[in-house]
Number of protein chains: 2
Amino acid sequence: MADAAPAAANKRLQMADIARLAGVSVSTVSRALNGSPLINDETRSRIAELARSLNYSINLGAQNLRLQKNQTVAVVVPYDAQSRQHISDPFFLSIVGAIADALTDRGYDMLLSRVDAERLDTAAALYDSGKAIGIVVIGQWRHHDQLNALAARKVPLVVWGGQLPQQLYCSVGGDNVGGGLQATRHLLQQGRKRIVFLGDAALPEVQLRRAGYLQALREAAVAPDPKLELPVPFEIIAARAALDRLCAGRTRFDGVVACSDLLALQAVQAVRAAGRQVPGDVAVVGYDDMPVATYSDPPLTTVHQPVAVAGAELVDALLALLRGERAAPRMLPVHLVVRESAPAGA
Amino acid sequence: MADAAPAAANKRLQMADIARLAGVSVSTVSRALNGSPLINDETRSRIAELARSLNYSINLGAQNLRLQKNQTVAVVVPYDAQSRQHISDPFFLSIVGAIADALTDRGYDMLLSRVDAERLDTAAALYDSGKAIGIVVIGQWRHHDQLNALAARKVPLVVWGGQLPQQLYCSVGGDNVGGGLQATRHLLQQGRKRIVFLGDAALPEVQLRRAGYLQALREAAVAPDPKLELPVPFEIIAARAALDRLCAGRTRFDGVVACSDLLALQAVQAVRAAGRQVPGDVAVVGYDDMPVATYSDPPLTTVHQPVAVAGAELVDALLALLRGERAAPRMLPVHLVVRESAPAGA
DNA sequence: ATGAAAGCGCTAACAC
DNA sequence: GTGTTAGCGCTTTCAT
């Protein structure tokens, strides 16, 4: 009565079931399914066929426990707990897609996780608990220190972002100084001198782009004006409000260097709402070169970031780390794509 | 010498280590860390403190094996193996983000997986192997049959897509017939009669939108013309080529109903490249209402899909299924957002 | 209130 | 070539 209970066979199939049905021991099934050369071909194919026909698949939780292995990488997309802002900037979504592709190609699974941007260190739980063998964090946000602490603890970690002094973790990022420099130089070459910098310099990537912006001004002997620096967050609504205030005020400007394409487009809308023309009165340069930049009105001059390459580099750096190699921070080249929001001809 | 080896303490911390350091047994540590009332408070906090200070986290692989549980949901984004096209349409990325948020809110992890769109059935391995307790598939593509087969096998499965006859699985989707209807009616109301339908009707969602398109034509007593149906794939390059051919040919048209915002924008570019105006000569309606629709030139009239709601509904349907409830297919309301690519005033 | 021991589904010596 | 057995890190009876 205990053994032969025919009702409610709801339980998941396991190796012992296959073994019983095949009339062999579990070890034989294990060996057959794992392609051990010890098993004779007839037995192996009989077992393989049985497993396939029953949709049996080795339980990976048990296998991983036994083998002490794991093929899962966690990808962490921080979010702003204040504004409850969700994954939405196209750049983040797009780099997640690129990482998914790179991991799939290399035979790894991707666990997508969201953590509070103020507590990046909580991401370590994904590693400590064995859920993932390593972590990719998208962006440094305000917590270089927390990321350093994780690296000091030997958590396998790669971060998309800028390279900073005193950095213990491996980062992969675009050339932010170069990007800020190219964007600003381009505007200066068109004779623009009152150039707004749009982005929150508390974020390392933005800070580096700002350094490029300042360097370009210096090269052109244009004095920087703090009133032209708008430390807007990535959140679009607040950014728009700050832009509207700027347009309503007395501060003159004829160019904008924005830290994302979406910010650039908000700038376009704010400028137009104030009755001025883009690019006539104000030329605008974006950042990232997402698809929206080609379709927008006007199409955006913007700094292209190599997203697909970035995904592959992040993954390769993490895998190198896991092999015990030292992975040096990498900086990927960026380039300016000139479109109509800030054209080349004066 | 064996026990006290001080070198290379590279191994991951485990419960036995905490037990040894706390001078208690593993059972006590397990109980303490899991908040059992059997443990006295002093002991519990001492153990908790020790674990925290060492960054110890219970090994979830082992815990899941023992407890026969799992908090991971697989989200499957199919890709076209032919064109090697990757996750790129903003709608897919965006719904993945919405699902990630919904899962995080409910305490589940998300495993993001890509599978060949021709072999949706391979997604079942995620369930059979115990990696995930259930699966969310984004889109039916051409394989309603494979999805039905999975459902027949009792794989816990929810699919973003249209509701079809003979459907065994639970689907959540927008009101595609209604969307196609609203889009087409809007153009007809402006006096347009030669309306192109842009989308591959081999996909169920597109097929349903086409039904709405045809219904609107019928209502307005406009005879459908097969030459106006362009079965373009989601892939942008091929779509553009088909549009250019249409514009170069003798087939007249004054409106376009597209099955994504990106397709709509390709139509805009093709029409303009042929020397005609949008919306003057040709009015264009998109689908999805992604952020790009508000920034594009011209801003797109488009069918809004409730992405955040969709993420939550997909997850809730799957969790209902896992509780053993029957989850009925759900259809979410959509509405037309009128912008300049197909304005209201004639 | 705490410990000893069995077992979750699997793999890999070690026997035969 | 195949079976027996121990054990991956954890939870939970069952003892005490």
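Nothing here was measured: the structure is a model prediction, and the numbers come from that model. Order of the sequence lines fixes the chain letters, A, B, ..., with proteins taken first and strands second; residue numbering starts at 1 for each chain.
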**OP:** Could you check A:Glu49 against A:Ser53 for side chain to side chain donor-acceptor pair (under 3.5 Å), going step by step and ending with a plain yes or no?
**Re:** CA-CA 6 Å; A:Glu49 186 47 48; A:Ser53 73; 5.1 Å; no

Original post:
For B:Asp101 and B:Thr104, does a side-chain donor sit closer than 3.5 Å to a side-chain acceptor?
Top reply: no

Original post:
When you measure from the centre of the six-membered ring of A:Tyr127, is the NZ or CZ of B:Arg12 under 6.0 Å away and within 45° of the axis?
Top reply: yes

**OP:** Going 5' to 3' through nucleotides 8-16 of chain D, assign each nucleotide B (protein heavy atom under 4.0 Å from a base atom), S (under 4.0 Å only from sugar-phosphate atoms) or - (no protein heavy atom that close).
**Re:** BBBBBB---

**OP:** Taking the side chain as every heavy atom from C-beta outward, state whether B:Val76 and B:Arg114 have any pair of such atoms under 4.5 Å apart.
**Re:** no

Original post:
Can you list every salt bridge (charged side-chain N to carboxylate O under 4.0 Å, His left out) pair that touches residues 149-160 of chain A, not counting sequence neighbours?
Top reply: A:Asp128-A:Arg153

Subject >> A:Glu118 side chain to A:His143 side chain, donor-acceptor N/O pair below 3.5 angstrom >> reply: yes

Subject >> Boundaries of the chain B footprint along DNA chain C (any atom under 4.0 Å from a heavy atom) >> reply: C:dA1 to C:dG9

**OP:** Taking the six-membered ring for Trp and the single ring otherwise, decide whether the centroids of B:Tyr169 and B:Trp160 are under 6.0 Å apart.
**Re:** no

Subject >> Under 4.0 angstrom between A:Thr43 side-chain N/O and D:dT2 OP1 or OP2 >> reply: yes

Original post:
Below 4.0 angstrom, N of the basic side chain to O of the carboxylate: do B:Asp116 and B:Arg119 qualify?
Top reply: no

